[in-house]
Every structure is written in structure tokens, then in C-alpha cells.
Amino acid sequence: MAETLTVELHNRQQAWAAIKAQVFPFLAQVLQGGHRWVLTITRRKRTSRQNRRYWGNGVLKQIAEQAAPNGKLYPAEIWHEQFKRMFIGVIELPDGSVQGLSSTDLDTAQFCEFSDKVEAYAATELGVTFYDLQGH
């Protein structure tokens, strides 16, 4: 038997059905072994679809192609670092410089909020016009 069980929960009705069909049988089997188990329920981390929309040919690529502060273009990775610092926060490095906090720890709602802030800033402050983000 597997040592872990991952179940996505979408709404109360689906969650109850998943708990009855998957969680209860799993627990019934593994708890017979006399070991202690921990049940942790967390919000889902950002999705691959969110990643594609933000990275892929989406938000960052379009910013990198259009935004040119002081006449200079910057790659998507540089823009991402800038936006992490602006909208997620920073960590101080031993030499006193700072680095943006990772966006990989954001859950789906937090990443959506982060991406919305990036898009709003890019559109209003950098003059970026976004196209075809729904396809990503």
C-alpha cells in the first residue's frame, strides 16, 4: 500500500465523496499497522496552467518584449525578480543586498493575486498591452 495519499478537494459535495471513497479506506488500511499518521490539509500550490500563463508566452514574455524603461529592454527573468521584490517581499543576503522571495511557495490564490498585481503594474506603469493570455 502507498505511504501517502493526495486528494484534490473542489467543493463540499465532491470533498465528502472523495473522503468516503478514498480517505476512509486508506486510513482503515494503514492504521492497522500500529503506526502514527499525520493528516495535513493545505491549499493547493500554484498550477502548471498558472505557470504557463505567467511564464510561457504569457505575462512575462509580453512585458519583456514591450517594456523598455529608459529605452532598455530586460529579459523575463529580470522582470520576475523585480516583481517578486515589489509584490512578494525580499530576503536580505549576507552582503546586505536583497533578493526577491520565491514565488514557488505561493498557493493558487496567492499566485493569482501576485500575477494580477504584475499585470496591473505592467499595463498602468509600463504601458504594456497584453494579448492572448487566455490561451496560455
Side-chain angles (χ1 to χ4, degrees):
M1 169 132 243
E3 292 286 315
T4 63
L5 174 68
T6 302
V7 179
E8 282 198 35
L9 306 175
H10 305 281
N11 58 55
R12 290 191 324 183
Q13 183 178 0
Q14 178 271 335
W16 183 241
I19 289 167
K20 288 192 295 186
Q22 294 174 273
V23 178
F24 285 160
F26 177 82
L27 291 174
Q29 188 163 19
V30 298
L31 290 175
Q32 291 178 14
H35 299 290
R36 291 179 177 240
W37 290 77
V38 175
L39 175 64
T40 304
I41 299 174
T42 62
R43 195 179 283 234
R44 182 178 182 185
K45 294 290 183 194
R46 70 186 196 197
T47 65
S48 56
R49 184 175 182 190
Q50 284 179 306
N51 266 354
R52 281 191 309 275
R53 186 178 188 279
Y54 182 72
W55 286 95
N57 287 323
V59 174
L60 286 178
K61 182 175 188 247
Q62 293 179 43
I63 293 170
E65 291 171 346
Q66 297 178 46
N70 300 317
K72 184 173 180 184
L73 291 172
Y74 294 90
E77 293 78 12
I78 298 299
W79 282 113
H80 179 58
E81 179 62 30
Q82 175 70 25
F83 296 138
K84 290 189 308 183
R85 292 177 185 198
M86 291 173 69
F87 302 121
I88 300 175
V90 297
I91 185 168
E92 187 174 337
L93 301 176
D95 68 359
S97 62
V98 294
Q99 171 181 312
L101 293 172
S102 177
S103 62
T104 59
D105 296 328
L106 301 179
D107 63 35
T108 53
Q110 292 167 327
F111 193 78
C112 184
E113 182 180 341
F114 168 68
S115 188
D116 286 349
K117 288 178 180 178
V118 168
E119 290 174 53
Y121 178 84
T124 59
E125 301 298 322
L126 301 173
V128 174
T129 302
F130 291 102
Y131 55 92
D132 190 31
L133 288 177
Q134 299 310 317
H136 300 286

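If you read the sequence from its start, that first residue is 1, and numbering goes on from there.
- Sorted by first and then second residue, the side-chain hydrogen bond (donor to acceptor under 3.5 Å, both in side chains) pairs involving residues 120-130 (not counting sequence neighbours) form an empty list.
- Scanning for side-chain hydrogen bond (donor to acceptor under 3.5 Å, both in side chains) contacts around T4 gives an empty result, with sequence neighbours left out.
- Pairs engaging residues 74-83 under the salt bridge (charged side-chain N to carboxylate O under 4.0 Å, His left out) rule: E81-K84, E81-R85 [sequence neighbours left out].
- T6 is linked by a side-chain contact (heavy atoms from CB on, under 4.5 Å) to nothing, counting only residues two or more places apart in sequence or in another chain.
- Two residues are said to be in side-chain contact when any heavy atoms from C-beta on lie closer than 4.5 Å; K61 and W79 fail this criterion.
- Within the structure, no pair that satisfies the salt bridge (charged side-chain N to carboxylate O under 4.0 Å, His left out) test touches residues 89-100, not counting sequence neighbours.
- For the side-chain hydrogen bond (donor to acceptor under 3.5 Å, both in side chains) test, no residue two or more places apart in sequence or in another chain qualifies with N11.
- Contacts classified as ring pair (Phe, Tyr, Trp, His ring centres under 6.0 Å) and involving residues 97-119 (residues at least two apart or in different chains) are given here: Y54-F111, Y54-F114, F111-F114.
- For residues 101-111, the salt bridge (charged side-chain N to carboxylate O under 4.0 Å, His left out) pairs, not counting sequence neighbours, are R43-D107.
- For the salt bridge (charged side-chain N to carboxylate O under 4.0 Å, His left out) test, no residue two or more places apart in sequence or in another chain qualifies with D116.
- Cluster partners of L73 are absent, since no Ile, Leu, Val, Met, Phe, Trp or Tyr has side-chain heavy atoms less than 4.5 Å from it.
- For E113, the side-chain hydrogen bond (donor to acceptor under 3.5 Å, both in side chains) partners at least two apart in sequence or on another chain are K117.
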Distance-only donor-acceptor pairs under 3.5 Å for side chains of residues 13-27, two or more places apart:
| from | atom 1 | to | atom 2 | distance (Å) |
| --- | --- | --- | --- | --- |
| Q14 | OE1 | H10 | N | 2.6 |
| Q14 | NE2 | E8 | O | 3.0 |

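- Side-chain contact between F83 and V59: absent, with no pair of heavy atoms (C-beta onward) separated by less than 4.5 Å.
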